[in-house]
Amino acid sequence: MHIPKWIQRIVLIPGLLVVLGLFLFAIAVRPSQAATGDLTFTIEAPGVQTSQVSCPSGLVTETFDAFAVGGYKFETTPIGSYQSLGGYNGRWYIADQDVFGGANVPTSQTPRYIRTSAEYVFRPQQPVGYVGFWWSAGDGKNQLSVNMSDGSVQTFTTQTILDSSALVHQAYPTGHFGNPNSNPVTLTQEAFAYVNIFATDPNVKIASLVFSESGGGFFETDNHSTCADILDPSGSMVSQYATLTIKKDADPDSDQSFSFTSQPAWRHNL
């Protein structure tokens with residue numbers, strides 16, 4: 001589908017929350033209009049660190065607080081499995097809450113979070129209609145690949161998110177930049193936001209996600225949540241900051257600021 005350039009250049013009224021600015025090549029549609037395999041991304045308000053969706057079959061969440069600090073290759077949890085795909089020492093890591101991550105949620109355990117300097121795959125117990133995670137200390141070298149149950153893969157890097165108006169480019173509490181758990185707020189050059197990812201087709205759900213870091217830093221996340229159901233992000237079941245249905249780029253030679261890629265199978269044969 002070709003997206004006319006006049007649509008790409010729409011300027012939203014100031015004050016509207018602009019995930020539309022995140023993907024200028026895309027067009028917002030309701031899930032009932034979405035094509036097979038489309039995904040809907042939403043971003044919660046600044047400071048939100050847990051999933052806000054209502055899941056009829058029951059929301060499942062991994063906080064990582066029960067893990068011991070250290071490196072891991074493979075672990076199975078109630079939410080699904082986490083497996084290293086190589087890289088630095090062939091491990092992903094659990095760290096205590098610090099300026100880079102660790103959601104500040106009341107718990108009897110020490111707040112901890114998951115991070116990687118290479119890549120790992122998260123596989124839900126079954127294909128799901130929704131995955132959410134708190135993205136902390138976000139930088140442009142992070143990359144997320146969403147592997148669908150039909151074998152297709154959709155991949156994006158985060159630099160264009162940081163360059164766009166998708167995030168509120170102000171320090172917390174009015175914006176998404178800076179660690180909301182630090183006093184005073186630190187890392188005001190990096191993004192802290194809860195990201196929701198919705199499948200739109202009951203026959204093509206989310207099978208796994210690969211979290212990658214390519215710049216010598218880390219991809220830090222926390223509070224991973226899943227819901228088996230297909231949810232309507234524009235409906236009353238979901239409370240989110242803004243929403244947009246993501247469509248695969250049909251005009252790669254245009255002057256779009258972001259390219260959404262797709263391939264028939266992930267190179268790690270997930």
Side-chain angles (χ1 to χ4, degrees), residues 16-23 26 28-32 34 37-64 79-80 101 103 105 113-114 122-124 126-136 138 142-149 154-158 160-162 164-168 175-176 180 191-202 204-211 219-247 258 260:
L16 290 181
L17 302 170
V18 285
V19 168
L20 286 175
L22 169 56
F23 303 107
V29 295
R30 292 185 61 84
S32 60
D38 284 344
L39 294 172
T40 298
F41 287 67
T42 73
I43 296 176
E44 298 288 350
V48 173
Q49 299 171 46
T50 59
S51 178
Q52 303 297 299
V53 305
S54 177
C55 176
S57 62
L59 192 71
V60 185
T61 300
E62 176 57 63
T63 67
F64 306 103
I79 195 175
V105 178
Y113 67 98
I114 185 171
F122 163 56
R123 297 183 181 91
Q126 60 182 348
V128 295
Y130 162 84
V131 176
F133 61 89
W134 190 51
W135 179 39
S136 61
N142 298 157
Q143 178 171 294
L144 182 68
S145 295
V146 184
N147 303 282
M148 308 302 290
S149 59
Q154 302 184 27
T155 301
F156 70 90
T157 58
T158 55
T160 51
I161 300 175
L162 299 173
S164 77
S165 56
L167 301 178
V168 180
H176 285 104
F192 290 75
Y194 200 89
V195 177
N196 302 301
I197 308 172
F198 301 87
T200 58
D201 184 342
V204 187
K205 290 187 173 182
I206 299 169
S208 63
L209 293 88
V210 174
F211 295 82
F219 193 162
E220 300 98 343
T221 60
D222 201 357
N223 285 345
H224 293 190
S225 291
T226 63
C227 177
D229 308 301
I230 297 292
L231 304 177
D232 180 0
S234 63
S236 60
M237 296 173 61
V238 181
S239 170
Q240 74 281 318
Y241 213 43
T243 185
L244 175 71
T245 296
I246 307 306
K247 287 187 171 294
F258 182 82
F260 198 93

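What you are looking at is a predicted structure, and each value in this text was computed from that prediction instead of being measured. Just so it is clear, the values below take in all heavy atoms, side chains as well, and ignore hydrogens, waters and symmetry mates.
Listed by chain and residue number, N181 satisfy the side chain to side chain donor-acceptor pair (under 3.5 Å) test with Q49 (two or more places apart in sequence, or in another chain).
Here the straight-line distance linking atom OG1 of T50 with atom CG of N223 works out to 6.5 Å at 0.5 Å rounding. Interatomic distance, CD of E44 versus CH2 of W134, reported as 13.5 Å (0.5 Å rounding). Rounded to the nearest 0.5 angstrom, T226 OG1 and L59 CG are separated by 6.5 Å. Note: S54 OG to D229 CG = 9.5 Å, rounded to the nearest 0.5 Å. Separating the CD atom in Q154 from the CG atom in L39 is a distance of 4.5 Å, to the nearest 0.5 Å. We find the CZ-CG distance between F133 and L209 to be 7.5 Å, quoted to the nearest 0.5 Å.
Shown here for A199 and M148, the closest heavy-atom pair between the two residues is CB-CE, 4.5 Å. Scanning all heavy atoms of the two residues, the minimum distance from V48 to Y194 falls at O-CB, 3.5 Å. Of all heavy-atom pairs spanning P56 and L231, the tightest one is CD-CD2, 3.9 Å. Listed here is the closest heavy atom pair of A207 and P124: O-CD, 3.2 Å. The shortest heavy-atom contact between E62 and I79 is CB-CG2, 3.6 Å. Nearest approach of T221 to F211, heavy atoms of both residues: CG2-CE2, 3.9 Å.
When T61, N196, T63 are each tested for a side chain to side chain donor-acceptor pair (under 3.5 Å) with S225, only one passes: T61.
Here Y113 and F64 keep their ring centres 6.0 angstrom or further from each other.
At least one donor-acceptor pair under 3.5 Å links the side chain of K205 to the backbone N or O of A228. In terms of modelled atom types and a separation under 3.5 Å, the side chain of H224 and the main chain of V60 share no donor-acceptor contact.
Two residues are said to be in side-chain contact when any heavy atoms from C-beta on lie closer than 4.5 Å; F122 and I114 fail this criterion.
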Please test W135 against L144 for side-chain contact (heavy atoms from CB on, under 4.5 Å), starting from the C-alpha separation and ending with a verdict. CA-CA 11 Å; W135 179 39; L144 182 68; over 6 Å; no

